[in-house]
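Taking it in order: structure first as structure tokens, then the write-up.
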Amino acid sequence: MFSRNTPFRSRIRQKRQAEPVRSGRGVFTRRALLVMAVQAGVLGVLGRRLYNLQVVDGGHLRQLAERNRTSKRLLAPARGTVHDRFGVALADNKVSWRALLMPEETTDIPAVIERFSQIVPLDEHDRARIERDLRHVHKYVPVTLHEFLSWDDMARIELNAPSLPGVLVDVGSTRLYPFRDLTAHIVGYVAPPNEEDVAKDTTLSLPGMRVGRAGIEQTQEASLRGEPGSVEMEVNAVGRVIGEIDRVEGQQGQDVRLTLDSVLQQQVLDRLEDRVASAVVMDCRNGEVMAMVSTPSFDPSLFDSGVSHAQWNEWASDPRTPLVDKAVSGLYPPGSTFKPAVALAALKSGSVTAQDRFNCPGYYDLGGVRFHCWNRWGHGMINMREGLKFSCDVYFYEVARRCGMDPIKAVGNTMGLGVRPDIELPHVRSGVIPTPEWRQKHGFHWNGGDTVNAGIGQGFVQVTPLELATYTSRIASGRNVQPHLLRATNDQLSAMASDETVPKVDLPAEFLDVVRGGMFAVVNEPHGSAPKARLDLPGIQMAGKTGSAQVRHVSRALRESGHFNSMNLPWEYRPHALFICFAPYDNPKYAVAVIVEHGNAGADEAAPLAKLIMTDTLLRDPASDVRPAAPPPPPAEAQTPSAPAEASASAPTESPVADDQPERGATQ
Amino acid sequence: MKRNGLNTFGFLKSDRRLLRAEPDFRPMARLLQVNWLYVLLVCVLAGVGYIALYSAGGGSAKPFAGPQMVRFGFGLVMMIAVSLVSPRILRMAAVPVYLLSVTLLALVLRMGHVGKGAERWINLAGMQFQPSEFAKIGLVLMLATWFHRIGNERMGNPLRLIPPALLTLLPVLLVLKEPNLGTATIIGVIGATMFFAAGMRLWQILLLVAPLPFMGKLIYSHLHDYQKARIDTFLHPEHDPLGAGYNIIQSKIALGSGGMWGEGYLHGSQGQLNFLPEKQTDFIFTMIGEEWGFVGGIAVIALLGTLVMGGMLIAIRSRNQFGRLLGLGIAMDFFLYCAVNLSMVMGAIPVGGVPLPLISYGGSAMLTMMFGFGLLMSAWVHRNERDPGQEDDED
């Protein structure tokens, strides 16, 4: 039919004359039908595409949709608490408040921050951080204005809420250390995780997560931290939470129970007063550490919120090293407290018997060098028991020379010296018992003088207070006790090491008896070197050994001038005062090791302290019926263990035991 | 048809006969002539729109569904009113309406409200108005009138086709300037279809279509970089998932999450959670697809198709060129709206601001579409008017 639609005008005219004018309806109908077909085709293709999208690809797209819709967020688990052996909390969680700012709910952010700072002061550091956060986060992400608000601050913010649009108060949790500095070195502290931690475990990036940075908090991190829970939330396109879909409660961190006795710990701390010292009280039957004090200490709560620079610098530059736990990482020459180990080594090696007598003229010549006894007048012909009793240096010079370093090292290690104690603390250091090989490894020649020096615990010998306590426990109980702090986790008593299960020390009992006898003589016999350590408790005797460790060589000229008195030295050059002891002598239960840095003389400074600490310990023993002679001290139970403020208030002035004592050695 | 065909032999053909064929001018009689089935389908479509907008409002008549229904009410009244207007009056109105629409288009370029980076809206007495919608109706009316005047015979004269071509190009260029490529294309295609249906000769069509491929090549070589980037985004939306490709990807995700049976009314996660951009306007169909699944989506497409085909049939049934072209123009307009919008939300063509008629939220689109349906219905009501001096074709 299109052929009839001829383009030529002339023909149109001809046609018009020939037949009626065509309306074009037929053409229209055909072409409209064609258009309809195209339309139907297009709609069909669209329907087909819809089918592909919705049904064929549906599953894949549905997954994408689900990912769009939900947002999984993790919930910080509550950190496990740390308790002492009686269940007193040493590290707890405390509710704290923090102020957040929702940027999208505020029109004038600077004004709101200004008004907020009138309620809770913000320093420049805070302001800079807030500004930085505001620049970087989305408008719907809250920015922390201030953490660790007090109740008062929180209340004031809530009261002023109308003038603080966008500010909201959020409940969080802070780590609370009720005893503050008392257990700081043992319990440690937590701090916000750094980038390294987060890289290892991304759940740490959760707000409110803390990482143990020292002490039990660090070593027991795995049990204390717990498992984060998660909450799956429905979010809209801009990430704002619409509702909660699913919630998986996390696993709260496990509680940790320590062998520590917080009351005894407080008593020991009180005894040490302001000395730079360390004391360890150990149950010598099983190695439980009942008190372990290192002074001075610090307040671990400060780390949770971040320690200020000034505070940190003060701690770091303090020569008394408050941040260092001297009990486990302080290395000291053991001085005369090493003599029992030398005696045991000599007995074991057979080079010396307990009955062998050596003469002490007050000095000892070896290879043209003269070594002095602490008593310039000498001790005469003495055997091992007397050598220990008088703490005769010359006797042990000879014993060490005869025995040699290798047996000393072997036996020392057996007794726990020079071996890193396997205790649940970080930064535990190992002492050193030198041998010629050790010395050679460090590029030096070992000469005979080094051996005799080591025989009296000087020279290169180094131990930690915890090692000394372990060593004393092993002497006392004859058992190979391992020091430990962990008593139980999660309220399930661990397989507690009792005296029956602990294996015996690899030494014959008679050798230990000789040393124990010598140590008994030190405290209880006339002319023993530590009469001030004698217990005032009826029927209970203590055995011990003094130690005064030089930190600086005393020249021969000075010594021979006869005017040498270490008390005239500056503090930091005075000898360390050490004392190790165990009690009761006939049935040893507790071992105590005390080191007073630059305390001058073990007998005068450390021994009386050790006696007081041992007295406190024995009085705390629930299994013993020990009562002090007179006057009776108030029962130790009177001190409320859960109230640290009271505990610290019951300081030395209230302690009748302290009043009874003679003046401290340092003043003599 | 056959019965009418007798008239071709036409000894009875006379002016008197034609006058007798004129419909009854009494309003009630003409109201009865309105194709109420078609009106019902329009109402059903608007009902679908209401339900979808109710969901887009988060399960509330506010802020979309309620106002949209009020507009539909106005539109329905307008549609019925327009359908009663005689074609002669419509033809008289064609030139002023066309001029007005072109003037508005020119105005919007000068003082239009900038929305989404393009000047498309104009403020008329406090009402946001999109002149490009109105321009389509104006063009359809204008072309129908023009082709009616020249009749099928003079279609063969190329000179007669130049003025309507210019009349088409003017609004196309103005809309293109906004810039709104989608609507400009729709206007152009409507015009072309009307040229085609009006009886444009085959040789003319071939002459115009043949150089198109070369034109396309030429145009592509002159595209700006950003325009090429847009094409790339369209072809590979996943390259830029949060940028320009975001709408397409989110729309496809939402459709896919609907599956066969949908996530349930008011339970479409993507739409309800605002992952869907412009879910109440351009992407309303995505929301329907997500909540009602493929079944609901294909039903809506079927409904739209029925309205398109119905419009085309109304056009075919008209006995006068004006009514035929008017009906075809409106049906084509409606069809192109639907096709472009659906292709857009299914990621088949680049995104452009083309709503889904009667369903998408928006005043001017709704009112112009209802005005258009009024014109379509007028073609139906006055379908038996014949062009003076002309007979029906024999076939």
Side-chain angles (χ1 to χ4, degrees), chain A residues 1-3 5-9 11-13 15-16 19-36 38-40 42-70 234-238 240 242, chain B residues 8 10 13 151-153 155-157 193 196-199 201-203 250 252-260 269-270 273-276 289 293-294 297-298 301-302 304-305 308-309 312 315-316 319-321 324-325 328 332 335 338-339 342-343 346 348 386-387 389-395:
Chain A
M1 70 146 266
F2 288 119
S3 62
N5 297 333
T6 166
F8 301 109
R9 267 178 166 223
R11 285 186 60 181
I12 293 172
R13 288 209 189 88
K15 275 187 174 260
R16 199 185 269 166
E19 50 188 274
V21 179
R22 301 176 58 80
S23 67
R25 189 176 183 192
V27 176
F28 181 89
T29 304
R30 280 188 295 275
R31 293 191 176 184
L33 286 172
L34 191 68
V35 169
M36 281 171 80
V38 171
Q39 287 170 340
V42 168
L43 289 176
V45 166
L46 287 172
R48 168 79 204 203
R49 189 175 171 85
L50 188 67
Y51 180 79
N52 281 340
L53 274 176
Q54 296 210 270
V55 182
V56 180
D57 295 343
H60 166 64
L61 292 170
R62 240 190 309 281
Q63 278 178 358
L64 293 177
E66 194 65 20
R67 210 165 60 201
N68 247 351
R69 182 172 73 105
T70 61
E234 196 171 23
V235 297
N236 68 2
V238 293
R240 194 187 295 166
I242 304 291
Chain B
T8 4
K13 182 177 157 293
N152 188 38
E153 301 303 325
M155 285 300 288
N157 184 351
T193 314
F196 175 67
R201 306 296 185 252
L202 256 189
W203 65 270
Q250 292 301 329
K252 282 165 112 174
I253 287 175
L255 283 173
S257 74
M260 177 60 90
S269 61
Q270 306 298 300
L273 297 177
N274 283 330
F275 283 103
L276 272 184
F294 171 72
I298 204 73
I301 291 180
L304 294 171
V308 170
M309 297 303 152
M312 294 298 287
I316 289 171
R319 285 205 169 99
N320 54 76
Q321 183 77 337
R324 282 193 290 265
L325 287 173
L328 178 118
M332 199 63 201
F335 164 76
C338 298
L342 293 179
S343 310
M346 290 183 221
R386 286 162 208 245
D387 295 333
Q390 292 184 357
E391 288 244 3
D392 285 351
D393 283 356
E394 69 278 8
D395 43 1

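First the proteins, then the strands, lettered A, B, ... as listed; each starts at 1.
- In this structure a side-chain-to-backbone donor-acceptor pair under 3.5 Å is missing from R324(B) to F28(A).
- Heavy atoms only, all atoms of each residue included: L328(B) and A32(A) are closest at CD1-CB, 4.2 Å.
- The environment of F196(B) atom CZ is dense: over 12 non-hydrogen atoms of other residues, nucleotides or ligands sit within 6.0 angstrom.
- Across every non-hydrogen atom of V308(B) and Q39(A), the tightest pair is CG1-OE1, 3.2 Å.
- Taking the side chain as every heavy atom from C-beta outward, M36(A) and I316(B) approach each other to under 4.5 Å.
- Nearest heavy-atom pair, R31(A) versus L202(B), reported as atom, atom and distance to 0.1 Å: NH2-N, 4.3 Å.
- R49(A) contributes atom CZ, which lies 10.0 Å from atom CG of L255(B) (distance to the nearest 0.5 angstrom).
- Within the 4.5 angstrom heavy-atom criterion, atoms from both the backbone and the side chain of S343(B) approach chain A.
- Among V56(A), L33(A), L46(A), the residue with the largest count of heavy-atom pairs under 4.5 Å with chain B is L46(A).
- The backbone N or O of M260(B) sits nowhere less than 3.5 Å from a side-chain atom of Q54(A) that would complete a donor-acceptor pair.
- The closest side-chain heavy-atom distance from V42(A) to F335(B) is below 4.5 Å.
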